[in-house]
Undergrad: 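Before I ask anything, here is the structure I am working with.
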Number of protein chains: 2
Amino acid sequence: MALRHAVLAALLDEELSGYQLAKAFDLGVANFWYAQPQQLYAELTRLERDGLVSGREVVQESRPNKRLFRVTDAGLAELEEFTAASTKPSFIRDDLLVKVQAADHVDTTALVAQLTERAAFARARIDLFGKLLRGMRGDRTEEEFLRDGDRIGPYLTCLRGLAFEEGNRDWCERTVATLRERRQASSPR
Amino acid sequence: MALRHAVLAALLDEELSGYQLAKAFDLGVANFWYAQPQQLYAELTRLERDGLVSGREVVQESRPNKRLFRVTDAGLAELEEFTAASTKPSFIRDDLLVKVQAADHVDTTALVAQLTERAAFARARIDLFGKLLRGMRGDRTEEEFLRDGDRIGPYLTCLRGLAFEEGNRDWCERTVATLRERRQASSPR
DNA sequence: TCTGACTAGTCAGATTCATGACTATGGATT
DNA sequence: AATCCATAGTCATGAATCTGACTAGTCAGA
């Protein structure tokens, strides 16, 4: 039950609809978890059934009505309990790493292309995270914000996301360079 | 079908038993994927059924017999195909990040303890990866090894694992420092 | 002699996650 | 006028993953 707590954590700061939540989780703004819209709707239904969030219908004129959800006291207690419980370690689990692991035994042309693509993706997210961070801290420096700001949770997780993507970018670039160099060395024109 | 390819990639370089494979996947030596022993045994059964790996019984005197698996030509072809196919992006998915996201709303005492624990775990893995890397490259420098060595795949994935854990360590330490400082500021003795 | 740890592997069941398809409406674009 | 995109959400199904319990033999140490 991890998605469950991720949803609760995301709803702590603002009341959101399932759709808005899906946006955040899908487009990586919520860099601490990832989920498909359908999963979120289902989870919200379960959370409401269990009394951990409460939804209220908001009637809209020019678009479909929506339900905004907020965390209840019981939900906050659940999160508190979750936070106190021990955390299991997390591991990287990435198709791209599997492919690189096999790099000595398969053709690397397509692999290099995919590493390049991933590096570009990482750069886009680094950009996004940089903007999000600047938006959150406003005109303060990072140090000031982390000392005095309220709601530093999202900022801290965003920092982790940023570092992760920087790691991706650097590793992809380096791996591409390595594979290219080896290819040239093994098959000179 | 991702575990499937991870198993194939792990078996490329050496013939392993299910048990040995489980060791590697569980203890994080295979830093590019993580799986429970049961999953691996099940996957090996399926892989053999599909002709992607072949197992041979090895009779042992003082301990239970074991089955060693190797990748078949069909298995290699499957991996080749997998590597050529496009890779979906990977995201961090970490309970600890969920907890930090909620840091402004819950008690941070337990959280700080867990961040500290995670930092220690990361340090242990950094150590392990460092040893593995040194073992793989022998007396060569990294540059030399990546240029001339055979089997650089495992080395490259290990580098990613190392960078990931360094990122974990740094972020955990920084987050702990931030949370501690804020706690002192808000409740001075 | 008993206990625990290591090697080696299996079975069953539950939970979680991912995918595709589907309903509606309104606004903007072509 | 037709099509696409964004909002807002639902349903069904399959694939992947995780969890606990279980068998069975060997070896080392209390």
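Here is the naming used below: chain letters follow the sequence lines, and residue numbers restart at 1 for every chain. From a predicted model like this one, the values you see are computed outputs, not experimental measurements.
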Undergrad: Can you measure A:Leu3 atom CG to D:dT17 atom P for me and round it to whole angstrom units?
TA: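 Taking CG of A:Leu3 and P of D:dT17, I get 17 Å after rounding.
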Undergrad: For the residue pair A:His5 and A:Glu78, establish whether any side-chain heavy-atom pair is separated by less than 4.5 Å.
TA: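 Sidechains of A:Glu78 and A:His5: in contact.
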Undergrad: Can you measure B:Glu48 atom CD to C:dG9 atom C1' for me and round it to whole angstrom units?
TA: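 Interatomic distance, CD of B:Glu48 to C1' of C:dG9: 14 Å.
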Undergrad: Please list, chain by chain and in numerical order, all residues satisfying side-chain contact (heavy atoms from CB on, under 4.5 Å) with A:Glu166, sequence neighbours excluded.
TA: A:Ile126, A:Leu162, A:Arg169
Undergrad: Can a side chain N or O of B:Lys23 be found less than 4.0 Å away from OP1 or OP2 on C:dT7?
TA: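 Affirmative; the distance criterion is met.
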Undergrad: So, OP1 or OP2 of D:dA16: does either fall under 4.0 Å of a side-chain N or O from B:Gln39?
TA: no
Undergrad: Going by the side-chain hydrogen bond (donor to acceptor under 3.5 Å, both in side chains) test, which pairs reach into residues 9-20 of chain A, not counting sequence neighbours?
TA: A:Asp13-B:His105, A:Glu15-A:Arg56, A:Ser17-A:Gln20
Undergrad: Can you measure B:Leu40 atom CG to D:dT17 atom C1' for me and round it to whole angstrom units?
TA: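 Going from CG in B:Leu40 over to C1' in D:dT17 covers 12 Å.
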Undergrad: Quiz question: by atom type and distance under 3.5 Å, do the side chains of B:Arg125 and B:Asn168 form a donor-acceptor pair?
TA: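 Their side chains do not contain a donor-acceptor pair, so the 3.5 Å distance test is not met.
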Undergrad: When you get a sec, tell me which of C:dT19, C:dT7, D:dA6 is the closest nucleotide to the side chain of A:Tyr19?
TA: D:dA6
Undergrad: D:dG9, C:dT19, C:dT7: which one has an atom nearest the side-chain heavy atoms of A:Arg67?
TA: D:dG9
Undergrad: Taking only residues two or more places apart in sequence, or in another chain, which ones meet B:Asp127 in a side-chain contact (heavy atoms from CB on, under 4.5 Å)?
TA: B:Lys131
Undergrad: Between atom NZ in A:Lys66 and atom P in D:dA6, what is the gap in whole Å?
TA: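 A:Lys66 atom NZ is separated from D:dA6 atom P by 17 Å.
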Undergrad: Quick one: A:Glu43 CD to C:dC17 C1', roughly how many Å, whole number?
TA: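 Answer to the nearest Å: 11 Å.
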Undergrad: For the pair made of OH in A:Tyr41 and C1' in D:dA12, what is the distance, rounded to whole Å?
TA: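 One finds 17 Å between C1' of D:dA12 and OH of A:Tyr41, rounded.
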Undergrad: I want to confirm an ordering. Mapping B:Thr45 and A:Ala35 to their closest nucleotides on DNA chain C, which one lands closer to the 5' end?
TA: B:Thr45
Undergrad: Any side-chain hydrogen bond (donor to acceptor under 3.5 Å, both in side chains) involving residues 138-149 of chain A? Give me the pairs, sequence neighbours left out, ordered by first then second residue.
TA: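 Only A:Glu142-A:Tyr155, A:Glu142-B:Arg174 qualify under side-chain hydrogen bond (donor to acceptor under 3.5 Å, both in side chains).
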Undergrad: Is there side-chain contact between B:Val98 and A:Thr157, with at least one heavy-atom pair below 4.5 Å?
TA: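 When only atoms from C-beta onward are counted, A:Thr157 and B:Val98 do not touch, as no gap falls below 4.5 Å.
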Undergrad: Which hydrophobic side chains are connected to B:Val58, either touching it within the sub-4.5 Å cutoff or through other members that do?
TA: B:Leu68
Undergrad: Quick one: B:Arg4 CZ to D:dA15 C1', roughly how many Å, whole number?
TA: 12 Å
Undergrad: Judged by each residue's nearest nucleotide on DNA chain C, which is more toward the 5′ side, B:Gly18 or B:Arg93?
TA: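 The answer here is B:Gly18.
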Undergrad: For the helix from C:dT1-D:dA30 to C:dT30-D:dA1, what angle lies between the axis at the first five pairs and the axis at the last five pairs, to 10 degrees?
TA: 30°
Undergrad: Go through the structure and list residues passing side-chain contact (heavy atoms from CB on, under 4.5 Å) with B:Pro89, not counting sequence neighbours.
TA: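 Testing B:Pro89 for side-chain contact (heavy atoms from CB on, under 4.5 Å), a comparison that skips the adjacent residues, returns A:Phe121, B:Phe91.
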Undergrad: Which protein N or O atoms sit under 3.5 Å from an N or O of nucleotides 20-24 of chain C?
TA:
unit_1: C:dG20; atom_1: N7; unit_2: A:Gln38; atom_2: NE2; d: 3.4
unit_1: C:dG20; atom_1: O6; unit_2: A:Gln38; atom_2: NE2; d: 2.8

Undergrad: Need one value for B:Ser17: base, sugar-phosphate or nothing, where a base atom within 4.0 Å counts as base even if backbone is also close, heavy atoms only.
TA: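 Sugar-phosphate: the residue B:Ser17, judged by heavy atoms under 4.0 Å, touches backbone atoms but no base.
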Undergrad: C:dA18 C1' sits how many Å from A:Tyr34 OH, rounded?
TA: 9 Å
Undergrad: By side-chain contact (heavy atoms from CB on, under 4.5 Å), which residues pair with B:Thr45, not counting sequence neighbours?
TA: none
